[in-house]
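For ligands, and for the atoms within them, numbers begin at 1 and follow the listed sequence.
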Amino acid sequence: SKRSLHSNTEQFQFQAEVSRLMDIIIHSPYSNKDIFLWELISNASDALYQIKFIALTDKEILGEGDNTKLEILIKLDKEKRILSIRDRGIGMTKEDLIKNLGTIAKSGTSAFLEKMQTSGDLNLIGQCGVGFYSVYLVADNVEVISKHNHDKQHVWESKADGSFVVSEDTYNEPLGRGTEIRLHLREESGEYLEESKLKELVKKYLEFINFPIHLLASKETTYEWELQN
Ligand SMILES: COC(=O)c1c(O)cc(O)c(Cl)c1CCC(=O)Nc1cc(O)c(OC)cc1O
């Protein structure tokens with residue numbers, strides 16, 4: 001197999017429920033795939049709230065410089081067809097990556113899976129904290145890079161064969177703190193590399209998000225929205 005780009009790579013199997021959920025999502029006739037962006041932006045917002053809450057009593061936890069900027073960055077890389085959503089939230093340790101993205105330990109998830117299988121209503125997905133998996137509506141390969149204050153930076157990557165790998169990240173730029181989701185978009189999902197589409201979607205969600213969102217459309221162009229609230 002392809003030599004891994006990272007050092008000490010470990011391979012894991014998705015929990016059975018996760019594989020089933022991914023199959024439902026990948027094969028869902030679901031027309032409105034836009035929900036993946038909402039799920040990622042709201043996960044980023046949750047992670048930013050978590051670090052902001054801890055910082056109320058522990059000022060040092062934010063570090064200094066860029067690490068103190070509680071914001072969400074969306075980057076479009078048209079050449080590589082990668083859409084990435086980055087936050088400086090609390091981030092995840094290696095164990096968090098394995099637990100949070102490999103198992104759906106949430107209670108009632110299997111009941112939810114049944115309901116969604118029949119109703120096909122993917123909008124429910126955010127209810128059980130499994131909104132992350134909506135990325136498979138638009139991406140065939142997903143990398144999650146994360147840096148938590150209590151661990152080194154790691155990268156999680158899902159494989160087409162239903163497994164995933166977690167490695168120490170000796171390759172990507174240091175995040176400082178937080179998580180970056182890198183979506184290798186499917187052939188038919190190129191619309192999510194268009195600035196106009198992203199601007200329209202981000203504007204729609206802005207009223208629900210209490211952190212700045214920056215869209216880095218290309219090396220030259222960055223869009224910043226002042227907070228609506
Ligand atoms: C801490 O959350 C994150 O680092 C994070 C983020 O900043 C942006 C994202 O798009 C995502 Cl997906 C995450 C991870 C969120 C997550 O999956 N949390 C999570 C999931 C679980 O199944 C769980 O059950 C034990 C606990 C979780 O925190």
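- At under 3.5 Å, a nitrogen or oxygen of Asp87, whether backbone or side chain, sits near a nitrogen or oxygen of ligand 1.
- For Glu168 and Lys94, the salt-bridge test fails: no basic side-chain N is under 4.0 Å from an acidic carboxylate O.
- Counting atoms of ligand 1 from 1 in the listed order, those under 4.0 Å from a heavy atom of Ile90 are 1 (C).
- Within the listing of ligand 1, atoms 25 (C) sit less than 4.0 angstrom from a heavy atom of Lys99.
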Distance-only donor-acceptor pairs under 3.5 Å for side chains of residues 72-80, two or more places apart:
unit_1, atom_1, unit_2, atom_2, d
Asp77, OD1, Glu79, N, 3.2
Asp77, OD1, Lys80, N, 3.0
Lys78, NZ, Glu195, OE2, 3.3

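- Under the rule for a ring-ring contact (aromatic ring centres under 6.0 Å, His included), His184 has no partner lying at least two apart in sequence or in another chain.
- Interatomic distance, Leu201 CG to Ile35 CD1, rounded to the nearest 0.5 Å: 12.0 Å.
- Closest to atom 9 (C) of ligand 1 by heavy atom, among Asn43, Ile72, Val135, is Asn43.
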